[in-house]
Engineer: 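Pasting a structure here, questions to come.
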Amino acid sequence: MTDSKKNAESSGKTIDVLLEEGRTFAPAKDFVKQANFSDPALYKEAGKDSVAFWEKCASKLDWFQKWNKALEWKAPDAKWFIGGKLNASYNCVDRHIKNGLRNKAALIWEGEPGDKRTMTYWDLYREVNKFANGLKSLGIKKGDRVAIYLPMIPELAVAMLACSRIGAVHSVVFAGFSPEALKDRINDMEANLLITADGGYRRGGVIPLKNDADIALSDTPSIKHVIVVNRGGFKTDMKDGRDHWYHELVDAAEAFCEPEHMDSEDMLFTLYTSGTTGKPKGIVHTTGGYMTGAYTTTKYVFDLKDDDVYWCTADIGWVTGHTYIVYGPLSNGATVVMYEGAPDWPDKSRFWKIVEDYGVTIFYTAPTAIRAFMRWGVEYPAKHDLSTLRLLGTVGEPINPEAWMWYHKNIGGEKCPIVDTWWQTETGCILITPLPGITTTKPGSATVPFPGIEADILDEAGNSIKVGGGFLVITKPWPSMIRTIYGDHDRYYETYWKKYNGKYYFTGDGAKRDEDGFFWLLGRVDDVINVAGHRLSTMEIESALVDHPDVAESAAVGVNHEIKGQSIKAFVTLKDGVEPGDGMEKKLKAHVVKMIGAIARPESIIFSAELPKTRSGKIMRRLLKDIAEGRVLGDTSTLADPNVVEALKEKYEED
Ligand code: PRX
């Protein structure tokens with residue numbers, strides 16, 4: 001028995017660790033030679049004095065006035081770079097205009113129908129300034145809240161930067177959200193203005209954003225003005241006095257808008273979490289700390305260089321897009337690829353065509369996307385030249401080792417390091433990750449905390465678990481940490497701090513630490529299944545199922561069981577072309593037993609063409625549990641496609 005298994009058994013109330021992964025990938029010599037950071041001493045240095053490390057990072061931004069104190073920490077309230085003044089948009093555009101990058105491509109954008117647009121840093125600077133003046137002309141000022149409900153078009157990045165230029169707090173609502181969800185978010189933040197578009201393209205269809213917004217706006221008393229981007233000349237009703245065309249405002253605006261000198265602790269944005277459980281929370285981020293985290297991690301984790309073509313496939317409606325499409329890469333002066341539409345439109349090789357067309361060098365996506373690519377088959381990436389790629393990343397969920405290996409081989413050509421980056425909307429930037437020129441990676445592990453970050457794994461009582469599974473906490477404040485939940489500081493304490501009496505930030509994730517001190521994320525702790533006193537992570541069971549060559553995706557849930565406490569039900573999507581047929585259920589159960597042990601054998605397996613997911617691609621196990629236990633479904637408002645659940649429910653009841 002390995003140490004981690006022994007420890008898991010003795011740790012009782014945390015999470016048992018059963019799956020072992022032994023493959024390792026050291027950084028290639030050629031990569032190390034050219035890497036921004038290749039000296040492991042970096043960790044030691046940052047660990048000795050993390051505040052000094054973060055001060056050094058912050059000093060790489062442009063400040064109008066330097067801070068006089070780096071950190072004030074009275075848990076759970078942190079203030080970073082106190083007294084410092086800066087502006088986020090100044091750091092993303094103005095400073096590059098002055099530093100020789102004015103003609104460099106900032107955004108290379110492609111619309112789903114194939115229309116293209118490139119904005120240099122100069123273009124972006126002009127547009128941000130003008131739109132900032134446009135916002136001002138409608139009375140928007142520092143501290144006001146602006147809701148943004150736009151498709152993935154350049155104006156989305158422009159709108160965020162224009163808000164930050166004048167000190168207005170933006171709150172982006174993902175364009176796939178319903179009018180109801182938009183309304184709730186606008187009302188929660190009491191937004192003064194909404195920026196939307198006449199529509200956006202998705203899988204060949206048009207999302208009628210302005211029409212949806214109009215439904216929401218029937219019940220949002222705080223909104224005084226609406227700005228509408230003309231994306232496709234779609235039919236739109238404009239309400240006199242309230243609705244304004246984006247291009248008319250920009251055309252009429254002055255060319256320069258003085259950037260507001262923001263206090264380091266002034267709010268930069270709120271963003272509502274996708275919420276696999278409960279009512280969405282408005283996560284609050286402030287200016288100096290967030291920008292420091294975004295700038296630094298982008299440079300270190302992606303090994304960003306001047307000539308890179310960087311593509312993060314997330315939607316800007318999620319925090320990944322905020323930090324790693326807009327604020328991180330642009331503050332670094334990077335060239336950022338932005339794509340409006342779906343990965344399988346007009347066919348399943350669209351992403352790889354984009355990589356080839358623009359010579360993408362850094363590619364950052366989510367495990368759910370990688371599993372979809374696997375399911376579609378290698379013929380799609382194989383059709384394209386992906387040789388410009390030099391680094392790959394993943395984020396959003398634990399990546400099962402088989403998906404990691406597939407990504408490594410079929411996208412990375414076995415030469416690109418993979419950075420599996422763990423973080424949250426609340427953390428603002430990546431906290432657990434390899435550094436590609438330093439860290440030896442293990443498929444499925446996010447590896448170790450970023451320099452200057454201290455994480456631990458605790459049991460229920462707060463004891464540190466050196467090897468084995470438990471609850472992931474962050475033990476020291478970091479600059480880009482959440483400051484509060486908008487309008488509900490008590491909920492902030494309850495959610496993140498109460499579990500360990502205000503001492504540590506509780507992530508809500510389970511994780512294990514192996515003998516080398518590497519972290520392996522095990523999913524949300526609410527998802528842990530307790531079978532006869534063994535606490536199993538859903539992630540490990542799912543990973544074992546996906547390891548089977550016929551399985552594309554899976555979700556495991558615990559349902560009440562008279563004797564064992566809970567038993568395991570697994571929902572499985574098979575690869576394209578594979579039928580459930582005779583004996584498949586038996587085969588898959590045997591595979592789980594082989595990979596993990598008899599304790600993890602699913603009691604039953606339900607085959608389904610799709611699994612219910614949030615719009616950001618996270619499987620909603622809570623709903624699967626409701627189905628499996630025959631309950632009325634809980635909140636389904638964050639579900640990407642409600643039909644999937646209905647179909648599953650019917651199927652389950654038939655079975
Ligand atoms: O459970 C973890 C999972 O995603 C959660 C955060 O979700 P969200 O706030 O929507 O932000 C997603 C993008 C940062 C985490 O609590 N998660 C994120 N990245 C990873 C991950 N789980 C495992 N490995 C990751 N790399």
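Remember, it's 1-based here, ligands and their atoms both numbered in the order they're listed. Worth saying up front: this structure is predicted, and the values here are computed from it rather than measured. If you read the sequence from its start, that first residue is 1, and numbering goes on from there.
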Engineer: So is Asp420 touching ligand 1 or not, going by heavy atoms under 4.0 Å?
Structural biologist: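 Checking ligand 1 against Asp420, which is what was asked, there is a heavy-atom contact under 4.0 Å.
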Engineer: Would you call the rings of Phe269 and His322 parallel, tilted or perpendicular if under 30° counts as parallel and over 60° as perpendicular?
Structural biologist: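 Aromatic pair Phe269/His322 classed tilted.
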Engineer: If you count the atoms of ligand 1 from 1 in the order shown, which ones are under 4.0 Å from a heavy atom of Trp423?
Structural biologist: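 Ligand 1 atoms under the 4.0 Å threshold to Trp423: 6 (C), 14 (C), 15 (C), 18 (C), 19 (N).
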Engineer: Does some non-hydrogen atom of Met539 fall short of 4.0 Å from ligand 1?
Structural biologist: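 No, Met539 has no heavy atom closer than 4.0 Å to ligand 1.
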Engineer: Applying a 4.0 Å heavy-atom criterion (strictly less than), which segment of Thr421 is in contact with ligand 1: side chain, backbone, both, or neither?
Structural biologist: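 Near ligand 1, Thr421 shows its backbone, while the atoms from C-beta on stay back.
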Engineer: Give the ring-plane orientation class for Tyr492 versus Tyr496, where under 30° counts as parallel, over 60° as perpendicular and anything between as tilted.
Structural biologist: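 Because their plane-to-plane angle lies in the 30° to 60° range, the rings of Tyr492 and Tyr496 count as tilted.
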Engineer: Heavy atom to atom 25 (C) of ligand 1, shortest distance: which of Gln424, Lys281, His322, Glu397 holds it?
Structural biologist: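 Minimum heavy-atom distance to atom 25 (C) of ligand 1 goes to Glu397.
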Engineer: Hey, is NZ on Lys409 packed in by over 12 heavy atoms from elsewhere, all under 6.0 Å?
Structural biologist: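 Open.
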Engineer: State which residues pass salt bridge (charged side-chain N to carboxylate O under 4.0 Å, His left out) with Asp456; sequence neighbours excluded, sorted by chain then number.
Structural biologist: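 Here the qualifying residues are Arg513.
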Engineer: Do any heavy atoms of Gly396 fall under 4.0 Å from ligand 1?
Structural biologist: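 So Gly396 counts as touching ligand 1.
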Engineer: Determine whether the side chain, the backbone, both or neither of Thr425 has a heavy atom under 4.0 Å from any heavy atom of ligand 1.
Structural biologist: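 Both of them.
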Engineer: Could you see which bit of Lys618 sits under 4.0 Å from ligand 1, with heavy atoms only: side chain, backbone, both or neither?
Structural biologist: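 It is the side chain that gets close, since no backbone atom is under 4.0 Å.
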Engineer: Could you tell me how the ring of Tyr500 sits relative to the ring of Phe506: parallel (under 30°), tilted (30 to 60°) or perpendicular (over 60°)?
Structural biologist: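 Judged by the thresholds at 30° and 60°, the geometry between Tyr500 and Phe506 is perpendicular.
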Engineer: Between Pro398 and ligand 1, which part of the residue brings a heavy atom under 4.0 Å of the ligand: side chain, backbone, both or neither?
Structural biologist: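 Near ligand 1, Pro398 shows its backbone as well as its side chain.
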Engineer: Against heavy atoms of Arg524, which atoms of ligand 1 measure under 4.0 Å?
Structural biologist: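 Result: 1 (O), 16 (O).
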Engineer: Listed by chain and number, what are the side-chain hydrogen bond (donor to acceptor under 3.5 Å, both in side chains) partners of Asn410, not counting sequence neighbours?
Structural biologist: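 If we apply the side-chain hydrogen bond (donor to acceptor under 3.5 Å, both in side chains) test to Asn410, skipping adjacent residues, there are no hits.
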Engineer: Test your reading of the model: is there a side-chain donor-acceptor pair from Glu340 to the backbone of Pro151, 3.5 Å cut-off?
Structural biologist: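 No; judged by distance alone, with no hydrogens or angles, the pair does not exist.
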